[in-house]
Amino acid sequence: MQCVKLPISLTVEINLVLVTVTALALTTRLYGIHFPKAVVFDEVYYGQFLSLYMKQVFFIDESGPPFGHMILALGAYLGGFDGNFVWNRIGAEYTSNIPVWSLRVIPALAGSFCIPLAYLLVVELGYSHFSALGACVLLLMENSLIVQSRFMLLESVLIFFLLLAVLSYLRFHKAQNKVKYMGMFTYFLLLGLAAVHTWQLIGDRTLSHGKVVVQVLVRFLALVVLPVIMYLGFFYIHLTLLYRSGPHDQMMSSAFQASLEGGLARITQGQPLDVAFGSQVTLRTVSSKPVPCWLHSHKANYPIRYENGRGSSHQQQVTCYPFKDVNNWWIIKDPGRHSVVVSSPPRPVRHGDIIQLLHGMTSRYLNTHDVAAPMSPHSQEVTGYIDFNVSMPAQNLWRVDIVNRESDREIWKTILSELSGASLPEWGFKQLEVVGDKIYKGYQQSGMWNVEEHRYGRSQEQKERELELKSPTQSDIKRNLTFMAKFFELQAQIQLIGNIVNWSIANLALVVYCLMFLTYLLRRRRKVEDVPQDSWEQLVLAGVVCFGGWAVNYLPFFLMEKTLFLYHYLPALTFKILQIPMVVEHLYIHVLRSPAQRKAFGGVILAVLCSVYVSYHNLSPLTYGQPALSSDELAALRWRESWDILLRKR
């Protein structure tokens, strides 16, 4: 007890400025988030995923890992949402079972905490608390960020984790996280920054070899190993929670579907295990992910001549069709027998057996011959054979190659054609092309087909067989979950419009920074140092974080073929706004020398901040959806011809 000194005291330092901007952020983001009590923007998109989470129904979203959806689902779960709501229209009124506040509070909190993170980030980069306060003021009054934070959307959550990742690395050199795949570009920026710091550490002779190894190991664990573990962990939780069959089942393999409760296992329940001569099967290609695709034929022939003048066999089209359909059924036939029904006992098809595939609805044999395929002329055409008596014999014998066999006489439990991936023109109904190869090239994923649905055929006659094939042995699964928000359907008077003054000065600050950086770089090359070394390094680091953060969250969109909306730009905008006070502080300290210049510059800064507030205040009815404006008042807010401000439907 002698080692303990009494009394024990605790000193707490509270940054009142930071507390104040955090309180203001919570006020601007949380105020009235229950209004409107209707579906806004992409809530119609994310809401469908929330309902699936609440019902534990499997889904997959290509926009990113499931962590972001889990965060939104947490709010829904805490609010007691049961998942029962039809998310089919923007502007649809929320029913009494929808906890609107709970659904929107997590994005609002994330957007609010972006403000104190911005403050801390600016300070961490070595700039003054006044500059940090300036960054907070600009972000506080950015209308587009407020709108995106107040609804059940993910951009505010994404921005929060991006800022947290950058701040954490700068402060601790070890924390990182992601919500959408777009955050990967910021992650790569941090990896580059970490690589530069690591290279500098390696060259620091004041550090021992042991310390250098520890520093490198810590960075590797924090920036490589930990993100991989977290990434896999999110998917593990996602797949553990969602164990029921859902609308995205068909995007997955047959084995995956069979693992889901009520999925393919329900559809194939009771079907025979062994494929036999006379079996009726649907064949799904393994190479068509993420879009499912089944071997298909229909009563339509290839055109006699294609658009480029090449001729065809004019035989029946064989395609790959991305929907379940009665025309996907084929019959496994023994070439030496006329029977197309399963014998008693069944004769199983084994590895290496020669078979014919008879199309169930049209009775055409699957055929390939030395005629160029329509879209892939280097490959052979695959057809449903029609004998036109033109010296074009049938080539409809296929050898079964079971790739997952355990022996050379393995029974087929789950041929040489393959999916080219090309889409046929209008005459082929935009379905996918199936082609053949003259020479067997061994195992190729594009030539691998999996038996998905299977039953023993009992009908020898065509009419009876058609009725048998049309019998409801499988359940239809709804597709196309995604619904892209269309602004013209908006029911509430809320517009995603940015603060035009913020955007203008952010663009100006970006240009000024580039000019300063290039000027200093060239002059330093000439051994002219206009600013001290520590100020130069501070400016470079600010550029790496802010200019780099803007670039990696903006420029990659030029390489993407996707519909872009204003909210896609918000992460880049955040980094660009953060650069404004840094440029201002550098100009004030290192460029403007005389007191008169600095005084005049201070007046300009004050005028700009007032303009930012005026713009924020004027656009706030469109940001918060209230108070209601008349048509003339809305028209007055249309400051540019390119703005489409919509009138609220009465």
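These numbers come from the heavy atoms of this one structure, side chains and all, not from hydrogens, waters or symmetry mates.
Scanning both residues, W449 and L283, for their nearest heavy atoms gives CE3-O, 3.6 Å. Across all their heavy atoms, S156 and P107 have their closest contact at OG-O, 2.9 Å. Closest approach of A551 to P556, counting heavy atoms only: O-CD, 3.4 Å. Here the closest non-hydrogen pair linking Y53 and H69 is CE1-CB, 3.6 Å. The two residues L496 and F41 come nearest to each other via the heavy atoms N-CZ, 4.0 Å. Q48 approaches V44 most closely through the heavy-atom pair NE2-O, 2.8 Å.
The pair E453-R284 does not meet the salt-bridge criterion, since no charged nitrogen lies less than 4.0 angstrom from a carboxylate oxygen.
Once rounded to the nearest 0.5 Å, the distance linking CD of E124 with CG of L117 reads 12.0 Å. A distance of 7.0 Å separates CG in L158 from CG in N553, rounded to the nearest 0.5 Å.
The aromatic rings of W87 and Y94 stand perpendicular to each other, their planes meeting at an angle above 60°, with 30° marking the opposite boundary. Ring geometry for Y31 versus Y624: interplanar angle over 60°, hence perpendicular rather than tilted (30 to 60°). Y613 and Y616 have tilted rings, their planes meeting at an angle from 30° to 60° on a 0 to 90° scale.
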message: Run V225 and L221 through side chain to side chain contact (heavy atoms under 4.5 Å, CB included) and show every step you take.
response: CA-CA 5 Å; V225 177; L221 291 175; 3.9 Å; yes

- request: For side chain to side chain contact (heavy atoms under 4.5 Å, CB included), just list the numbers for W550 and L573, CA-CA rounded to whole Å, side-chain angles, deciding distance to a tenth of an Å, and then say yes or no.
  value: CA-CA 7 Å; W550 167 80; L573 173 68; over 6 Å; no

message: Apply ring pair (Phe, Tyr, Trp, His ring centres under 6.0 Å) to residues Y569 and W503 and explain how you reach the verdict.
response: CA-CA 11 Å; Y569 186 66; W503 289 54; 5.4 Å; yes

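The number of heavy atoms from other shown groups lying within 6.0 Å of CZ (F429) is above 12. Around OH of Y77, the count of heavy atoms belonging to other residues, nucleotides or ligands within 6.0 Å does not exceed 12.
Residues N327 and H296 have side chains that never bring a donor and an acceptor to within less than 3.5 angstrom of each other. A donor-acceptor contact under 3.5 angstrom links the side chains of D82 and N97, judged on distance only. With hydrogens and angles left out, the side-chain atoms of H568 and Y554 include no donor and acceptor closer than 3.5 Å. Under the 3.5 Å distance criterion, with hydrogens and angles disregarded, no donor-acceptor pair is assigned to the side chains of E142 and N499.
For the side chain to side chain contact (heavy atoms under 4.5 Å, CB included) criterion with S611, the lone passing option out of V501, I500, N502 is V501. For the side chain to side chain contact (heavy atoms under 4.5 Å, CB included) test with L72, the passing option among M152, R104, E43 is M152; the others fail.
The ring of F67 has its center closer than 6.0 angstrom to the ring center of F161.
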